[in-house]
Amino acid sequence: MELAQRVRIPVVQSIVWNALNDPAILKDCLPGCQSFDRTGENSFEVVLVAKVGPVKATFKGAVTLSDVKPPESYRISGSGKGGVAGFAKGGAEVHLESIDDSAVTLMSYQVTASVGGKLAQIGSRLVTGAARKIANDFFTGFVRSLSGDPLMEVEIETLVLDKGVLDKGVLDKGVLDKGVLDKDADKQGLQS
Amino acid sequence: MVEQSIGKSVLRKEDMRFITGNGRYTDDINLRGQTYGYFVRSPYAHAVVGGVDTSAAQSMPGVVAVLTGKQVAEDELGGLPCGWMIHSKDGSEMKQPLHPVMAATKVNYVGEPVALVVADSFDEAKSAAELVSVEYEELPAVVSTAAAQSGPDIYAEAPGNTCYQWELGEKAATDAAIEGAAHVTRYTLTNNRLIPNALEPRAAIADFNRGTEELTLYTTSQNPHLARLILTAFVQLAPEHKLRIIAPDVGGGFGSKIFVYSEETALAWASMKLGVAIKWTAERSESFLADAHGRDHVSEAELALDEEGNFLALRVKTTANMGAYLSTFASAVPTYLYGTLLAGQYKTPNIYVEVDSVFTNTAPVDAYRGAGRPEATFLVERIVDLAAKELGVDPAELRRKNMIQPADFPYQTPVALEYDIGDYEASLNKALEMADYAGFANRKADSEANGKLRGIGLSCYIEACGLAPSALAGALGAGVGLWESGEVRVNPTGSVTVLTGTHSHGQGHETTFAQLVASRFGISVDDVEVVHGDTGKMDFGLGTYGSRSLSVGGSALSVAADKVVEKGRKIAAHLLEGDVDNIDFEDGEFRLKESNRSKTFQEIAFAAYVPHDYPIEELEPGLAEKAFYDPVNFTYPAGTHICEVEIDPETGVTEITKFTAVDDFGNIINPMIVEGQVHGGIAQGIGQAMLEQCVYDESGQLQTGSFMDYCMPRADDLPNFTVGLTTTVCTHNPLGAKGCGEAGAIGSPPAIINAITDAVGVRDISMPATPEKVWRAIQEQRA
């Protein structure tokens, strides 16, 4: 599953950056997250309950931050084991940019997720939808949390990027400009 | 006198218990105090196994033990063997990496067992399995059949992931014939990977008796004696005389229950280790992951023809996927059950085939209904059809022109087999007539008037059944004999118990074999009981696969029945005070020639067991005889299948409007059962051709792991079948029978694809020809 989106957040970039590095905020925004504990400067231990189709499992795993470039971008990635349900791996490249030096920050991110074992066997058709929903819920919650408005209408724009350029470093300004806005596909609250 | 039942559609004796829910399958059996097993399986296609922490699972309520692959290794259990040694063209032996009962150090496919949890209940075992923590270090997975040889090596001992590079036929002559040919048709094809999906999943109960030190394994096996031999001689689990394998009613096998698998073996080992009975029934998810899959070939083929359309040569290069380990007979399927069939029904003088078998990080692949022969038939019957299209000749006539003629038998093919008998043109003609081939143009015009596409396709298949003889198979690498045992026990009252080493799991042996023996003795079918599937009851036998049961197992029973009659004549001669040479046996009576004196079969049986007036000095009492029958050749069923389809070009939905199958199975004992076998086989062929596709993603995760994603044929996917027969009698077995179990699955897929491509007007559509693929082909054709 790959997903590239961007969203405008009505707070200054440094606050967004700090929030992206705050395990308490990450825990609150990540649906089904039971704990998000720091184990090192850029590493965390996470427990997450996720349901994909008929498979519900508790995932325990490590989350790490890499390519950290404050206050601009990092890569957050994790993998977790869900017992007999199998495993899940995922990550997101997150890129922040202040819009015209205003108090509005444009956050772009590209999420990847893959699963194995029973999750893949039974739920492969459902994984994309489930992962998109988790990503969407997370980033919607994140924006609301930062803006202090729990009912805020968050407009998330989905980006269609050329295949093969989705790797590290892709989310610089040049490539982002090439992204095609696909507003119809994806406002908020995607159905799984 | 009892009516002769051979050739009659006697209703199946076993069906009443099946349709009333009184079958006794492995899962129906419950032993006092039994525990339940649940397997922890790898979620990775390829990974190094680090630590396995079983402590949390072990402390769960009800848990008896948690056993791991490391303990299997510590107990020095042998690996699961492959029973057929294939030599590469350079003479080297095939690579056979250790196939562990449970993985200890490395997992090689998703679903591979790494630990077994044994608990008092199924739910406790399954819950505790969640807590078994296995550390994996993921490795890159090799998934694609075509690209396996360029992937990273899975096993150090198998460079390029190559198991063997086999060849058959004359390379130089074939190359030369293709070089100089007036026309060469070339075809690149994939034979799609299938998942067997027997209705009853695999199941087992292992029961070790500490007092007698006997291990009884109830299991869903097509060949219990072979399982016992492998568990004894190779896995070295228990001595053969202390190991009893019972395969009770089994709900379908299609090949997938021939093999000795990890789970049943681990269960047996655990039962001996723990001294408790353990039961395991696969969940459907486990069946998808861990039953041996079928087919999975990628091939390139070239057919050379002269100006008149005579076949000159066929050259084939195939890559066959073995999966992660060599399953029990995996190596034989793409070699001696495939390359040898490439002559088909034709006089092609030069054939050369190369087969590279490769390892991948997918479930093991082995025999599945047809086993190699569907792959060969699909290749031959597709490329012949393509040649006809390229040359602009009628596909039926191109086939007819090249067919081996009745006068040519016995016919030695360029690929090792000697066909004993057949009349291929007779089947072709009858099928063309039954399918109203001549009227196709009119029907096509009608379809076109309705905005539909119509196509017709043929397939003239041959198969080789009843793999034999043992000596030849042994010379070619088989690790077992290929004979069959049979015992005919006449009881004192004249009823008969028949014991066979074959196994019935849907084939109706309890009826067919009863008809065979009852007819021989002139008694009622109801007076014959057929017993199978228990190593504690009958002599060693090889089981049921490769459409062998009647032609090999039935022949053994026929020979045993002859011995009973011979002994009966001696007893009768004594009782009737005549010479044995003057005793005739007919319609259930022993008669003294030129007299009115006779004894019934039942009277002779009684005399044999109550020998008060009996030639006791010359003859032992009792009336029970055995035979072990080793055939001198394969049998060669053959026929023509014709498929006609109508396609909606707006949706790509293909309807099979008529499916005609005319088969030559030799002599037939029960036409209804044979027709049922043909129906079932064609249904599976339609599944392969139009619906079924096993898909792994690039990391080796099974994407088609449930019936949500793996499409099995349903009743509304199937037409009413038009079935006919022609008969040439097998020359070398006492029944003249050939075998019918796989023909439908072998003959039908190319007929279907030939029909669909004919309708759409394209060269090729790969299997399965789903509505989406057909629709896309139509759009491309229109563009």
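Labels below follow one simple rule: chain letters A, B, ... track the order of the sequence lines, proteins then strands, and each chain is numbered from 1. Heavy-atom basis, side chains included; hydrogens, waters and symmetry copies ignored.
In plain terms, the two heavy atoms of Pro43(B) and Gly86(A) that are nearest each other are CB-CA, 4.0 Å.
Other residues, nucleotides and ligands place no more than 12 heavy atoms under 6.0 Å from the NZ atom of Lys60(A). The number of heavy-atom neighbours closer than 6.0 Å to CZ of Arg776(B), taken from other residues, nucleotides and ligands shown, is 12 or below. The local environment of CZ in Arg8(A) is sparse, with at most 12 non-hydrogen atoms from other residues, nucleotides or ligands closer than 6.0 Å. Residue Glu45(A) places its CD atom among 12 or fewer non-hydrogen atoms of other residues, nucleotides or ligands, all under 6.0 Å distant.
Under the side-chain contact (heavy atoms from CB on, under 4.5 Å) criterion, Glu138(B) pairs with Lys89(A), Tyr44(B), sequence neighbours left out.
When each of Thr704(B), Asp709(B), Val40(B) is checked for heavy-atom pairs under 4.5 Å with chain A, Asp709(B) comes out on top.
How far CD1 of Ile122(A) is from CZ of Phe707(B): 10.5 Å, rounded to the nearest 0.5 Å.
Proximity to chain A is absent for every atom of Leu131(B), based on heavy atoms less than 4.5 angstrom apart.
At distances below 3.5 Å, at least one donor-acceptor pair connects side-chain atoms of Lys81(A) with backbone N or O atoms of Val134(B). Checked by atom type and distance alone, the side chain of Gln701(B) never pairs as donor or acceptor with a backbone atom of Gln121(A) at under 3.5 Å.
Side-chain contact between Ser285(B) and Lys118(A): present, with at least one pair of heavy atoms (C-beta onward) separated by less than 4.5 Å.
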